[in-house]
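Convention: sequence-line order gives letters A, B, ...; per-chain numbering from 1. Values reported hereafter were calculated over all heavy atoms of this structure, with side chains retained and with hydrogens, waters and symmetry mates removed.
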Number of protein chains: 2
Amino acid sequence: MSVTIRDVAAYADVSVATVSRLLNGSKAVRTETAERIHQAIEILGFRPNIVGRSLKTSRTMMLGVVIPSLANPVFADTVSGIETETRQEGYTLLFGVSGYDADDEIRAVEALLRYRVDGLVLTVVNPERNAALDLLDASGVPYALVYNQPSRPGTTTVTVDNETAGRMVAESFASFGHHRLAMISGRFSASDRASARRDGFLAGARARGLADPVVLEVDFDSHDLEGALASLFAPEAGAPSAVFCSNDMLAISVIGGLGRLGLRVPEDVSVFGFDGIAVGAHMHPTLATVVQPSREMGREAARQLVGRLNGGLPAGPVILPYTLRSGETVGNACQPSPTVSRAPDHSVQQGKHAP
Amino acid sequence: MSVTIRDVAAYADVSVATVSRLLNGSKAVRTETAERIHQAIEILGFRPNIVGRSLKTSRTMMLGVVIPSLANPVFADTVSGIETETRQEGYTLLFGVSGYDADDEIRAVEALLRYRVDGLVLTVVNPERNAALDLLDASGVPYALVYNQPSRPGTTTVTVDNETAGRMVAESFASFGHHRLAMISGRFSASDRASARRDGFLAGARARGLADPVVLEVDFDSHDLEGALASLFAPEAGAPSAVFCSNDMLAISVIGGLGRLGLRVPEDVSVFGFDGIAVGAHMHPTLATVVQPSREMGREAARQLVGRLNGGLPAGPVILPYTLRSGETVGNACQPSPTVSRAPDHSVQQGKHAP
DNA sequence: AGGGCCAGTGTAAACGTTTACCTTGTGAAT
DNA sequence: ATTCACAAGGTAAACGTTTACACTGGCCCT
């Protein structure tokens with residue numbers, strides 16, 4: 001149907017091998033011949049068929065990407081980072097969405113493997129005891145994880161120290177005088193990192209001698225949280241004054257829900273998010289959050305993966321630094337004065353690097 | 001290297017044709033034989049190679065997606081819509097990013113064509129006189145546009161009536177008593193829809209007898225707009241009291257910039273956005289905006305494309321309804337009273353359908 | 001003069017599928 | 001008993017590349 005390398009060869013009066021060699025620069029071609037071939041390509045409008053090439057070379061120059069959702073900008077940023085990093089290496093991204101679901105994860109990975117992607121970068125619900133990753137390990141196709149907790153030996157994982165970050169959030173709340181903490185999180189079964197953040201948060205609260213925070217699990221895509229919030233804030237006596245949300249999108253929903261419940265942020269309730277999505281800094285009140293370098297995490301994961309594809313050895317976990325960004329959603333506890341309390345300077349606090 | 005259909009055939013003691021036929025259900029296979037083949041597949045861990053299949057069938061079951069950027073949630077939503085719609089048809093998405101740049105657009109499209117995608121859905125800078133689309137037309141690969149203005153005859157385009165929407169924004173500003181309007185937009189050369197919105201906005205202002213709004217172009221990825229804003233709001237006499245931003249991300253940046261300039265929204269300046277991204281409704285003040293059904297637009301474009309791939313004829317433009325969402329960023333003009341002015345009910349106003 | 005080397009090119013066999021075309025066996029219809 | 005139709009399966013030729021191997025001249029060495 002369309003014009004093939006054979007047509008080009010015939011038109012330029014050379015063999016297909018010569019055309020192929022010119023195209024790939026795999027062997028020298030006389031400049032005069034090259035000229036003729038280039039003309040033929042131009043005139044005939046030849047477009048190399050990567051499918052044919054892939055079949056022969058068993059390299060597709062496609063990289064698989066599997067993320068839980070595009071609705072969360074944090075993943076969009078990551079994909080964007082992966083894209084810019086791999087594009088210049090000549091790769092194109094093939095896309096899978098898992099919807100925070102282990103079965104869909106398997107389905108997506110299996111599909112990408114059938115397409116014979118050269119490698120993939122993904123975020124899974126939980127890397128330990130994960131069927132999709134077992135599939136990948138068995139296939140021998142290299143991959144890199146982003147955001148997940150390092151738990152598989154020999155697996156490249158790019159992430160931040162979620163647990164310590166969670167602890168810092170508790171510290172921050174405590175330093176603002178909060179005693180009754182709570183955490184609202186997406187399902188732990190669907191997010192190992194949320195679990196780690198909770199562990200750190202609880203440990204941090206305990207270290208400060210505070211009562212164990214109430215922990216509330218919600219669905220990742222839930223937008224109306226008023227029911228859950230109402231129950232959490234019902235017992236006026238024991239209602240928390242500070243809430244840690246496992247990610248920024250959730251925090252934004254929570255702030256909205258609190259507003260509809262008549263609770264003001266930060267006067268009545270302080271809120272901390274996680275991720276550092278761009279809009280958090282632009283909303284009012286600005287969102288206090290743990291900033292992950294999402295785009296850079298994507299880039300780094302891509303870099304690691306490409307490194308392995310070029311024969312490099314699998315690196316261990318890569319822990320990138322996070323940052324605490326102070327915001328107007330966190331205020332002092334127990335001071336129902338109408339004046340907005342000014343937060344002590346707490347910005348740009350460096351996270352830990354890998355040990 | 002990996003196990004092929006030939007291995008399966010040998011193990012099950014049948015010909016490769018039979019295995020292939022079973023896999024594709026293209027012809028009947030005795031149940032007993034099918035059983036044996038399935039066992040062989042299971043035991044050997046056979047995973048069909050889509051590359052081989054594609055080469056033979058000249059269908060890759062991949063769809064190309066080209067968008068300007070992932071940083072804008074509106075495109076992330078659209079991709080998400082495309083994904084859910086096409087996934088169930090058995091397609092997987094191959095990804096290209098153009099960065100609002102015509103040359104990169106060509107590069108992305110050319111790359112996807114080499115991969116022999118079965119079709120593509122894209123948003124281009126401007127569909128008229130667009131080299132990337134010329135490439136596509138010449139290739140004969142079907143495609144659908146999203147967000148772009150319908151301008152190419154015979155090209156499926158899914159969009160909203162941007163011009164009328166722009167007019168409605170002007171109307172809305174006028175009804176709040178604003179006389180001096182302005183528009184801040186991404187480069188018109190990089191967005192035909194921004195141009196359409198401006199045209200409508202100007203026409204609307206004129207229809208209300210207002211002075212022509214000042215129009216300010218900025219880069220799409222610009223985050224610090226203070227310079228531009230400072231100049232726009234410098235002449236205290238002629239400073240606008242209402243600003244229409246060509247998209248929500250820009251509106252959010254503008255609100256932030258205004259704040260740093262000491263201008264309050266909506267007390268000093270009213271702001272209208274465009275797109276209806278989710279966070280707009282969650283921020284404070286809530287963002288007044290024109291809501292496009294982004295996800296649905298992606299789905300619809302995908303639906304149209306799949307329809308054509310199944311032999312359907314190219315449909316004309318599909319104009320989906322938009323909605324005006326009122327928000328706290330719009331207030332009454334010229335009333336520097338400290339009390340927040342309550343907006344008249346202006347919500348959920350239906351846009352026009354296709355003629 | 002003979003050999004060796006190298007640049008430049010051609011030939012043809014893969015890569016993993018699908019599918020047009022054949023072959024066989026079986027049962028029903030004549 | 002012959003024919004016919006049909007279900008089930010096999011054979012082998014594509015699809016568009018890459019690349020191992022072979023070949024030809026020309027040049028440089030001795």
Q: With a 4.0 Å cut-off on heavy atoms, is B:T33 in touch with a base, just the backbone sugar-phosphate, or nothing at all?
A: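 Here B:T33 touches the backbone only, sparing every base.
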Q: Would you indicate which nucleotide in C:dA14, D:dA12, C:dG10 comes nearest to any side-chain atom of A:K56?
A: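 Within the option list, the nearest is C:dA14.
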Q: Nearest-Å distance, CG (B:N49) to P (C:dC15)?
A: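 Computing the B:N49:CG to C:dC15:P distance gives 12 Å.
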Q: Can you list everything that forms a side-chain hydrogen bond (donor to acceptor under 3.5 Å, both in side chains) with A:D192? Sequence neighbours excluded, please.
A: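 Per chain and number, A:D192 pairs via side-chain hydrogen bond (donor to acceptor under 3.5 Å, both in side chains) with A:N148.
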Q: Assign each of B:A17 and B:R116 to its nearest nucleotide of DNA chain D by heavy atoms, then name whichever residue's nucleotide is nearer the 5' end.
A: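 Its nearest nucleotide being more 5', the pick is B:A17.
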Q: Under 4.0 angstrom, heavy atoms only, what part of the nucleic acid is B:T18 near: base, sugar-phosphate, or nothing?
A: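 It contacts sugar-phosphate atoms only.
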Q: Can you tell me the distance, in whole Å, between the CZ atom of A:R59 and the P atom of D:dT17?
A: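 Atom-to-atom, A:R59 to D:dT17, this comes out as 18 Å.
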Q: From CD1 of B:I50 over to P of C:dT17, roughly how many Å is that when rounded to an integer?
A: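 For the pair B:I50 CD1 and C:dT17 P, the rounded distance is 10 Å.
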Q: CE of B:M61 versus C1' of C:dT18: gap in Å, rounded?
A: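 After rounding, the reported distance stands at 15 Å.
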Q: Contact list please: residues 21-32 of chain B against DNA chain C, heavy atoms, distance less than 4.0 Å, in numerical order.
A: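 Only B:R21, B:N24 qualify.
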Q: Among D:dT18, D:dT19, C:dT19, find the nucleotide with the atom closest to the side chain of A:R53.
A: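 Of the candidates, D:dT18 comes closest.
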Q: Checking B:S80 now: which residues fulfil side-chain hydrogen bond (donor to acceptor under 3.5 Å, both in side chains) with it, not counting sequence neighbours?
A: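 Checked B:S80 against side-chain hydrogen bond (donor to acceptor under 3.5 Å, both in side chains); matches are B:R295.
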Q: Just compare C:dT19, D:dT18, C:dG16 and give me whichever is closest to any side-chain atom of B:S20.
A: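 Closest of the options to the side chain of B:S20: C:dT19.
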Q: For B:Q88, is the CD atom crowded, meaning more than 12 foreign heavy atoms sit under 6.0 Å from it?
A: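 Atom CD in B:Q88 is crowded, with more than 12 foreign heavy atoms closer than 6.0 Å.
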Q: Between A:T4 and D:dG16, does any side-chain N or O lie under 4.0 Å from OP1 or OP2?
A: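 Negative; the distance criterion is not met.
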Q: In a table with atom names and distances, give each donor-acceptor pair under 3.5 Å that connects a side chain of residues 5-19 of chain A to protein atoms at least two apart or in another chain.
A:
from, atom 1, to, atom 2, distance (Å)
A:D7, OD2, A:T4, N, 2.8
A:S15, OG, A:A17, N, 3.4
A:S15, OG, A:T18, N, 3.4
A:S15, OG, A:T18, OG1, 3.3

Q: If you check the A:V16 side chain, which of C:dG16, C:dA12, C:dT18 turns out closest?
A: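 Taking heavy atoms from C-beta onward, the closest nucleotide is C:dA12.
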Q: Just call it for A:V14: base, sugar-phosphate, or nothing, with non-hydrogen atoms closer than 4.0 Å on any strand.
A: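 Result for A:V14 = sugar-phosphate.
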Q: In whole angstrom, give the distance that lies between atom CZ of B:R36 and atom C1' of D:dA8.
A: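 About 12 Å, once rounded to whole Å.
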Q: Can you tell which of D:dG10, C:dT17, D:dT17 lies closest to the side chain of A:F46?
A: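 Output: D:dT17.
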Q: Tell me which pairs pass ring pair (Phe, Tyr, Trp, His ring centres under 6.0 Å) where either residue lies in residues 111-149 of chain A, with sequence neighbours left out.
A: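 Pairs touching residues 111-149 of chain A that pass the test: A:F75-A:Y147.
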Q: Checking B:N126 now: which residues fulfil side-chain hydrogen bond (donor to acceptor under 3.5 Å, both in side chains) with it, not counting sequence neighbours?
A: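 B:N126: no side-chain hydrogen bond (donor to acceptor under 3.5 Å, both in side chains) contacts found.
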Q: Which whole-number value in Å describes the distance from B:I5 CD1 to C:dT19 C1'?
A: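 Taking atom C1' of C:dT19 as the reference, CD1 of B:I5 is at 12 Å.
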Q: Is the shortest distance from a Lys or Arg side-chain nitrogen in B:E300 or B:R303 to a carboxylate oxygen in the other one below 4.0 Å?
A: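 The answer is yes: the pair qualifies as a salt bridge.
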